[in-house]
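This structure is a prediction, so every number in the text was calculated from the model and none was measured.
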Amino acid sequence: MEISWVLLAVGAVLLLFGAYASWTAGRLDRLHHRVELARAALGTELARRAALVAELAGSDILDPASALLLLDAAHRARTAALESVEVHEQAESALTRAIHATGTDVEPWAGELSLAMRRVQLARRFHNDVVVSTRDLRHRRLVTWFRLAGHAPLPTTIELED
């Protein structure tokens, strides 16, 4: 009689532990999915900003030197998207520096470019927040001991000059 209560208690504890581990694995999977969505949104905003800068550079509003600098930086940012993460971050930061170095406060482009820059900042911040949450959960003992993350790579933050 006493053994059946012990077995029942052990079974209940194992069931609760399994349910918690399953919930944690599901949460981790959802966080990894959110990281991918946030990365895609950031990529979209970066591409939109590069296209806007290239359009501004070709509009004959800026002086030829500024237009060439912006066009080159926008082209490098677009092509760097196919390279490694570090190369892409450097190219996007160079585009930001080129935007700030040239006189891009020309109407009607100033408002659009300012909005594009702000959207990139927000998308990057959102992405990095989700990455930090995912990494925090992945470093918990339960996740590491029972390998609840599977073979998913550890997400990394994106560091750009704003």
*Asks:* Is any side-chain heavy atom of V130 closer than 4.5 Å to a side-chain heavy atom of R39?
*Replies:*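 No; the side chains remain at least 4.5 Å from each other.
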*Asks:* Hey, what do you get for CD (Q121) to CD (E45), rounding to the nearest 0.5 Å?
*Replies:*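 One finds 11.5 Å between CD of Q121 and CD of E45.
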*Asks:* What distance separates N128 CG from S133 OG, expressed to the nearest 0.5 Å?
*Replies:*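 Between atom CG of N128 and atom OG of S133 there are 11.0 Å.
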*Asks:* Taking all non-hydrogen atoms of both residues into account, name the closest pair between A21 and L142 and its distance.
*Replies:*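 Between these two residues, the closest heavy atoms are CA-CD2, 4.2 Å.
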*Asks:* If you look only at distance, which donor and acceptor atoms sit under 3.5 Å apart when one is on a side chain in residues 144-160 and the other is two or more places apart or in another chain?
*Replies:*
{"from": "T144", "atom 1": "OG1", "to": "R140", "atom 2": "O", "distance (Å)": "3.3"}
{"from": "T144", "atom 1": "OG1", "to": "R141", "atom 2": "O", "distance (Å)": "3.1"}
{"from": "T157", "atom 1": "OG1", "to": "E159", "atom 2": "OE2", "distance (Å)": "3.0"}

*Asks:* Report, one line per pair, each donor and acceptor closer than 3.5 Å where one atom sits in a side chain of residues 77-85; sequence neighbours left out.
*Replies:*
{"from": "T79", "atom 1": "OG1", "to": "H75", "atom 2": "O", "distance (Å)": "3.1"}
{"from": "T79", "atom 1": "OG1", "to": "R76", "atom 2": "O", "distance (Å)": "3.2"}
{"from": "S84", "atom 1": "OG", "to": "V87", "atom 2": "N", "distance (Å)": "3.4"}

*Asks:* For R34, does the CZ atom sit with more than 12 other heavy atoms under 6.0 Å from it, leaving out its own atoms?
*Replies:*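 Counting neighbours around CZ of R34, 12 or fewer heavy atoms of other residues, nucleotides or ligands fall under 6.0 Å, so no.
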*Asks:* With the side chain counted from C-beta on, respond yes when L95 and E92 share a heavy-atom pair under 4.5 Å apart, and no when they do not.
*Replies:*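 Sidechains of E92 and L95: in contact.
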*Asks:* For R118, which residues count as a salt bridge (charged side-chain N to carboxylate O under 4.0 Å, His left out) partner, sequence neighbours excluded?
*Replies:*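 R118: no salt bridge (charged side-chain N to carboxylate O under 4.0 Å, His left out) contacts found.
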*Asks:* Kindly work out whether a path of hydrophobic side-chain contacts (I/L/V/M/F/W/Y, heavy atoms less than 4.5 Å apart) joins V53 to L68.
*Replies:*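 No.
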*Asks:* If hydrophobic clusters are built by linking Ile, Leu, Val, Met, Phe, Trp and Tyr wherever their side-chain heavy atoms come under 4.5 Å apart, do I99 and V120 end up in the same one?
*Replies:*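 Unlinked, I99 and V120 end up in two clusters.
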*Asks:* Working to the nearest 0.5 angstrom, can you tell me the gap between M117 CE and L122 CG?
*Replies:*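 M117 CE to L122 CG: 12.0 Å, rounded to 0.5 Å.
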*Asks:* Applying side-chain contact (heavy atoms from CB on, under 4.5 Å), name anything that partners A116, two or more places apart in sequence or on another chain.
*Replies:*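 Partners of A116 by the side-chain contact (heavy atoms from CB on, under 4.5 Å) criterion, ordered by chain and then number, come out as R49, L52.
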*Asks:* Say whether V131 and F126 are linked into one hydrophobic cluster, either directly or through other cluster members, by side-chain heavy-atom distances under 4.5 angstrom.
*Replies:*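 The answer is yes; both residues are in one hydrophobic cluster.
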*Asks:* With sequence neighbours left out, write down each residue that passes side-chain contact (heavy atoms from CB on, under 4.5 Å) with L37, or none if nothing qualifies.
*Replies:*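 side-chain contact (heavy atoms from CB on, under 4.5 Å) check on L37 returns H33.
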*Asks:* Distance-only, no hydrogens or angles: does the S93 side chain make a donor-acceptor pair with backbone N or O of E89 under 3.5 Å?
*Replies:*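 Between the backbone of E89 and the side chain of S93 there is a qualifying donor-acceptor contact (under 3.5 Å).
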*Asks:* When rounded to the nearest 0.5 angstrom, what is the spacing between CD in E112 and CZ in R48?
*Replies:*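 Interatomic distance, E112 CD to R48 CZ, rounded to 0.5 Å: 11.5 Å.
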*Asks:* Are W23 and L28 co-members of a hydrophobic cluster defined by side-chain heavy atoms under 4.5 Å apart?
*Replies:*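 They do share one cluster, since a chain of ILVMFWY contacts under 4.5 Å joins L28 to W23.
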*Asks:* Can you tell me how far CG of L31 sits from OG1 of T24, rounded to the nearest 0.5 angstrom?
*Replies:*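 T24 OG1 to L31 CG: 11.0 Å, rounded to 0.5 Å.
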*Asks:* Output a table of donor-acceptor pairs, distance under 3.5 Å, between side-chain atoms of residues 56-64 and any protein atom two or more places apart or on a different chain; print 'none' if there are none.
*Replies:*
{"from": "S59", "atom 1": "OG", "to": "L56", "atom 2": "O", "distance (Å)": "2.7"}
{"from": "D63", "atom 1": "OD1", "to": "S66", "atom 2": "OG", "distance (Å)": "2.8"}
{"from": "D63", "atom 1": "OD2", "to": "A65", "atom 2": "N", "distance (Å)": "3.4"}
{"from": "D63", "atom 1": "OD2", "to": "S66", "atom 2": "N", "distance (Å)": "3.2"}
{"from": "D63", "atom 1": "OD2", "to": "S66", "atom 2": "OG", "distance (Å)": "3.3"}

